[in-house]
Protein chains: 2
Amino acid sequence: MTKSPGTRAAYHHGNLVEELIAATIGLIEEKGVDAVSVREAAKRAGVSPAAPFRHFANKTALMTAVAEQAMGRLTLSVQQELSETGDADPVEGLRAIARGYLAWALANPTHFDVIASRTLIDFHGSPKLTGETEAIRLVMLDLIARGQASGRIARTLAPDALMLSARAFIYGLCRMWIDGHFAEWHVDKPAGQAMAEAVDLFIDMIGGRHATGQAGA
Amino acid sequence: MTKSPGTRAAYHHGNLVEELIAATIGLIEEKGVDAVSVREAAKRAGVSPAAPFRHFANKTALMTAVAEQAMGRLTLSVQQELSETGDADPVEGLRAIARGYLAWALANPTHFDVIASRTLIDFHGSPKLTGETEAIRLVMLDLIARGQASGRIARTLAPDALMLSARAFIYGLCRMWIDGHFAEWHVDKPAGQAMAEAVDLFIDMIGGRHATGQAGA
DNA sequence: ATCAAATGTAAGCAGTGATTACATCGGAGG
DNA sequence: CCTCCGATGTAATCACTGCTTACATTTGAT
């Protein structure tokens, strides 16, 4: 059973931490987030069931590490979309954020699930997770403020309510997708397209692009 | 150990089904939806760990039964709010639905969690769950159609995209609350109030109440 | 009263997160 | 070079989970 000398790291693994995270990600991708078990991750890393607990206090800590990695890629996706658009027009900046967020969630549903969870991970205990969330929030607040200063966004919209609405909208859209709620709502076109249209509609509403002849009532 | 005769139903319980559902609800309310176990529900009903499986094929079936009960109350809340408002103004009808939905979710977060889950319950296998969801969807579609026919809602808004947006918005709002995402978004006022304001802002946007001077671009 | 179906129990399986006591390795000080 | 200690791994075990099988009891229709 013992590996021959020369084979790397027979007893001491070397970088179990990284390999456990990788194993967990693979597990999530294959069997879903609920099927993750510390034991299985350990087995995949070729290590005893108790070994992971040397590096992660509990399952939550392991999942939090996975979430931190994923969050890095999420913010990257958002920032990339934002830098491609430029932020000359604040409304288009908000649209870019929504698109980057949505695109990433669509491409990485299981990772999104992990990040969004508050039972699987210790979100508030992770400076990385709280920090990057706060960063996006501040960018959005700035865009809203600039949009209202320039008259591009109606000044009658309370910034904090607008903020919460936007956040709820995009989060709801992604969660509907990940939670599998689309079947019930008869989205006949490809989900990605339907979602993109919903995003555009919502952003356009913020941009005041839809008149009723009764505006300002 | 054996109950004296006269005490109701020593061996055969009588209505274990109802009591198991009740026990499960109690369990959810006390320790959260993740802490539910069939064994514990059985214990609370004063029955052996295997007994529940006579009435529910598996844990999912038990949770689905709980969801069906909860869904009944959710649609009731929506319909009640809707009937109080009347549906003379379609936009106000949509607002009423949003309010009824939100109010129920705020008052019954754990039940909402169960209904919204697609891993805990078998949503698509339950005619009651799919049926009541579809019913609400049809009411909303009708309100949108009437709103656009009367010019109360901008005809430039694609009905299906508007539908999806509204659904995503309200669902996202509720899930943010239930998933505990509010702390991260610095909602300084009571959450219920902030959510109500977000709902009003969103509905007002649908009603075209916010001019920018650039509308119709 | 009988007997089959409905409904309960007892025992046990495999898998889970987590803890404890012990084994082994690797690197710093003598 | 060697020793020793802390870091890292293992083995064994606990309480708990969903679920199954074999068996016991009760009930209601005939």
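A note on names: the letters A, B, ... follow the listed sequences, proteins ahead of strands, and every chain is numbered from 1. Side chains are part of it too, since the values below use all heavy atoms of this structure and drop only hydrogens, waters and symmetry mates.
Here dT8(D) is the nucleotide among dT9(C), dT19(C), dT8(D) with the atom lying nearest to any side-chain atom of H55(A). The side chain of F53(B) approaches dT20(D) more closely than any other nucleotide in the set dT20(D), dT19(C), dC22(C). Checked against dA18(C), dT20(D), dT8(D), the side chain of R54(A) finds its nearest nucleotide in dT8(D).
Across all strands shown, S48(B) has heavy atoms under 4.0 Å from base atoms, whether or not it also approaches the sugar-phosphate. V17(B) comes within contact range of no nucleotide atom at all, as no heavy-atom separation falls under 4.0 Å.
For R39(A) against dG17(C), a side-chain N or O and a base N or O form a donor-acceptor pair under 3.5 Å.
Looking only at atom types and distance, the side chain of E68(B) has a donor-acceptor partner in the side chain of S126(B) under 3.5 Å away.
Counting heavy atoms from C-beta on, the side chains of C174(B) and L102(B) come closer than 4.5 Å.
Rounded to a whole Å, the CD atom of E40(B) is 12 Å from the C1' atom of dT17(D). Between the NZ atom of K59(A) and the P atom of dG15(C) there is a distance of 15 Å, rounded to whole Å. Atom CZ of F56(A) is separated from atom C1' of dT19(C) by 18 Å (rounded to the nearest Å). Distance, L27(B) CG to dC16(D) P: 14 Å, rounded to whole Å. Computed from coordinates, the L62(A) CG to dT16(C) P distance equals 14 Å when rounded to whole Å. If you measure from atom CG of D34(B) to atom C1' of dT16(C), you get 14 Å, rounded to the nearest angstrom. Rounded to an integer number of Å, the gap from NZ of K43(B) to C1' of dG18(D) is 15 Å.
Nearest-nucleotide mapping onto DNA chain C: of A50(B) and N58(A), the residue sitting toward the 5' end is A50(B).
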Go through E184(A) and T130(B) one step at a time and tell me if the side chain to side chain contact (heavy atoms under 4.5 Å, CB included) criterion holds.
-> CA-CA 7 Å; E184(A) 300 128 56; T130(B) 57; 5.5 Å; no
Could you please spell out the steps behind the side chain to side chain contact (heavy atoms under 4.5 Å, CB included) verdict for L141(B) and R137(B)?
-> CA-CA 6 Å; L141(B) 272 181; R137(B) 197 183 73 89; 3.6 Å; yes
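In this structure, F202(A) and F202(B) have parallel ring planes: the angle between them is below the 30° cut-off, well short of the 60° mark.
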